[in-house]
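Below you'll find the structure, written out as structure tokens, and then a few comments.
Just the heavy atoms: all of them, side chains too, but no hydrogens, waters or symmetry mates, feed the values below.
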Amino acid sequence: MSVFLKETALCVFLLAATVLANSSWAQTNIVSANAGSIRTGVGPTPESTSIRTSLIGKYYNQVDGITLPEIVRLALETNGEIKISRLEVEKAKARLTQEGLRPNPSLDVSQRSGRLAGTPGDSEFVAGVSVPLEVFGQRSRRIDRAKAEIVLKEAEFSAKRRALETRIFLDYADALAALRELSVLDELIALDLQTVEFVQIRVNEGESAPLELSLLQTEIERLRVRRQILDGGLQSAITKLKYYAGLAYDQPLRLREDLLTATFPTLPPTIETGFTVGLSNRPEIRIAKLEEQLAIAGLRLIQSEAKPHLSAFSRFSYSDSSIDLPTGPYTQNSNRSLTFGILVGLPVFDRNQGAKAEAEIAIRQAQERHSFAEQVIKNEIVFAFQQIESAKRALNSLETNVLPRSRENIETIRKVYEIGEIKITDLLIEQRKLLDASRDMTESYIKRYRAEADLFIALGLTFEN
């Protein structure tokens with residue numbers, strides 16, 4: 001339990017203990033140091049006990065709960081989008097295998113006959129083989145482009161992973177925030193339920209008006225409504241985390257951390273160090289560089305394909321000519337030949353002019369994307385650092401100024417209420433101020449945690465780094 005909650009609970013309970021100082025059932029309060037619970041000499045009501053048990057049992061368990069790195073690990077194993085992105089990498093690797101293969105030879109076979117033309121004795125048989133020749137580095141250019149595409153797909157996979165982790169971080173922060181505020185509300189509701197008991201006694205003895213008891217009960221109901229709203233938000237965040245972790249909607253998921261203990265791995269101490277880490281880790285930078293390399297490889301391939309295309313061929317031919325005589329067919333001519341040659345495709349009209357221009361534009365586009373990505377990353381890192389510092393200043397002000405003064409005000413009003421000079425409404429007003437200060441403290445913790453999460457994401461870090 002945080003120092004703030006301990007001191008808040010102590011102040012409120014001292015009020016109850018002082019009012020009941022002459023009652024036989026008032027005892028010394030004891031603040032529990034674990035699980036954020038408060039125990040008093042007066043046993044908690046069954047309702048307050050069920051509230052805390054329900055909260056811890058449904059959403060929080062320090063032993064069997066799950067941590068953020070575990071949720072991320074399960075998400076990377078089960079998320080369909082991540083699986084699809086992995087298959088894109090496999091496709092690129094298969095494409096590299098294809099690009100490394102040599103072109104197949106061609107077999108050309110033909111048979112000529114003069115039978116239909118009135119010269120049945122004339123015939124010719126031709127068989128040839130041609131093999132495309134890859135010159136000017138065409139094959140190596142294809143391989144270079146395929147390798148660059150593999151690295152690009154791997155970087156895109158990292159970007160998909162980062163986007164998934166970002167969504168998980170945000171929903172996890174929402175869950176921690178709701179759990180924290182629920183804990184505070186449960187403490188206040190439990191204390192107010194105990195206060196109802198001694199106010200009821202004072203009303204029965206005629207020392208307090210029934211209106212005071214009604215006002216206190218109304219305050220409790222207001223807190224309960226607020227708790228129901230927070231409980232719904234926490235259930236939504238937990239449901240999203242179940243989806244990311246690949247768990248069924250009816251399968252329990254409990255958090256092992258709370259807002260005060262949840263931390264990220266060591267973050268850079270300065271903005272300049274953050275720039276260095278972010279620009280070296282962020283997948284956007286790698287993707288922009290790889291897109292430039294891929295465009296350059298594509299341009300080289302296009303340039304090589306714009307050169308003359310060569311094919312070597314060999315052809316064997318056999319022909320004969322015969323006439324029919326009364327004594328039988330007589331062959332006049334019989335020829336056999338073996339031909340070798342080179343077939344040259346001349347790039348006269350189509351020299352890949354448009355493809356070259358497109359590749360050059362793609363290179364400039366990748367360079368612009370790289371420059372823009374650097375600006376975005378630096379801005380995200382600066383913003384995260386600023387948010388962290390802002391949250392730290394707010395926490396320091398609340399801990400050193402706001403909360404101590406609010407507690408002093410509670411103590412003063414408690415003494416005045418003890419002698420009967422004020423009504424319980426004044427105490428409730430001050431208690432609401434203390435509750436508002438508590439919420440500001442919770443929001444500051446949330447702001448700091450989310451800012452640390454934003455910085456963790458902006459740096460391109462993972463829990464495996």
Side-chain angles (χ1 to χ4, degrees), residues 72 75-76 79 81-96 99 137 140-170 264-265 267-268 270-305 352 354-386 453-465:
V72 171
L76 294 177
N79 184 266
E81 187 177 7
I82 296 299
K83 291 181 179 179
I84 293 172
S85 184
R86 282 198 182 101
L87 292 176
E88 288 292 335
V89 177
E90 297 302 320
K91 285 171 59 178
K93 292 180 179 179
R95 196 173 298 115
L96 172 62
E99 296 294 353
S140 62
R141 297 289 186 269
R142 290 200 312 269
I143 294 175
D144 290 342
R145 186 179 65 174
K147 288 181 178 179
E149 188 172 357
I150 291 176
V151 182
L152 176 61
K153 293 299 181 181
E154 290 174 343
E156 290 177 349
F157 168 77
S158 298
K160 292 285 182 62
R161 170 176 174 165
R162 175 179 173 271
L164 175 62
E165 291 178 347
T166 300
R167 296 196 296 270
I168 294 175
F169 290 168
L170 295 177
F264 287 92
L267 299 173
T270 63
I271 293 179
E272 289 72 19
T273 307
F275 286 164
T276 302
V277 175
L279 294 178
S280 62
N281 286 334
R282 283 285 288 269
E284 293 94 325
I285 297 295
R286 295 201 303 273
I287 289 175
K289 291 180 179 179
L290 293 170
E291 285 180 342
E292 181 179 358
Q293 295 174 8
L294 183 62
I296 292 174
L299 177 60
R300 291 174 178 171
L301 177 60
I302 292 171
Q303 290 172 340
S304 66
E305 291 176 344
N352 290 339
K356 289 179 183 178
E358 183 180 357
E360 291 171 352
I361 294 174
I363 293 173
R364 296 200 302 270
Q365 187 179 38
Q367 293 171 344
E368 290 294 332
R369 187 176 290 111
H370 180 274
S371 177
F372 178 71
E374 285 188 353
Q375 296 176 6
V376 171
I377 292 171
K378 289 181 178 180
N379 179 70
E380 291 178 356
I381 292 174
V382 170
F383 180 77
F385 268 101
Q386 291 174 344
D454 290 341
L455 180 58
F456 187 81
I457 295 169
L459 295 172
L461 300 175
T462 66
F463 290 107
E464 298 176 356
N465 289 132

### Task
Taking Ser85 for its side chain and Glu81 for its backbone only, find out whether a donor-acceptor pair lies under 3.5 Å.
no
### Main-chain N/O of Glu154 paired to Ser158 side chain as donor or acceptor, under 3.5 Å
yes
Are the side chains of [X] and [Y] in touch, meaning some heavy atoms are under 4.5 Å apart?
X      : Y      : answer
Glu149 : Arg95  : yes
Ile457 : Glu165 : no
Phe275 : Ile377 : no
Glu272 : Thr276 : no
Lys378 : Leu279 : yes
Asn281 : Leu459 : no
Arg369 : Gln365 : yes
Ser371 : Gln375 : yes

### Query
Salt bridge check: are Glu156 and Lys153 linked by an N-O gap of less than 4.0 Å?
yes
Would you name the heavy atoms of [X] and [Y] that are closest together and state the gap between them?
X      : Y      : value
Ile381 : Gly278 : CD1-CA, 4.2 Å
Asn79  : Ile82  : OD1-N, 3.1 Å
Pro268 : Gly274 : CB-N, 3.9 Å

### Audit row: Phe169, Val72, side chain to side chain contact (heavy atoms under 4.5 Å, CB included) steps and yes/no
CA-CA 9 Å; Phe169 290 168; Val72 171; 4.1 Å; yes
To the nearest 0.5 Å, tell me how far [X] [atom1] sits from [Y] [atom2].
X      : Y      : atom1 : atom2 : result
Ile150 : Glu90  : CD1   : CD    : 9.5 Å
Phe383 : Ile271 : CZ    : CD1   : 12.5 Å
Glu374 : Arg282 : CD    : CZ    : 11.5 Å

### Verdict with reasoning, Lys160 to Glu88, per salt bridge (charged side-chain N to carboxylate O under 4.0 Å, His left out)
CA-CA 12 Å; Lys160 292 285 182 62; Glu88 288 292 335; over 6 Å; no
#### Entry: Neighbour count >12 (heavy atoms, 6.0 Å) for atom NZ, Lys289
no
### Query
Checking salt bridge (charged side-chain N to carboxylate O under 4.0 Å, His left out) for the pair Arg162/Glu380: CA distance, chi angles, key distance, verdict?
CA-CA 14 Å; Arg162 175 179 173 271; Glu380 291 178 356; 3.7 Å; yes
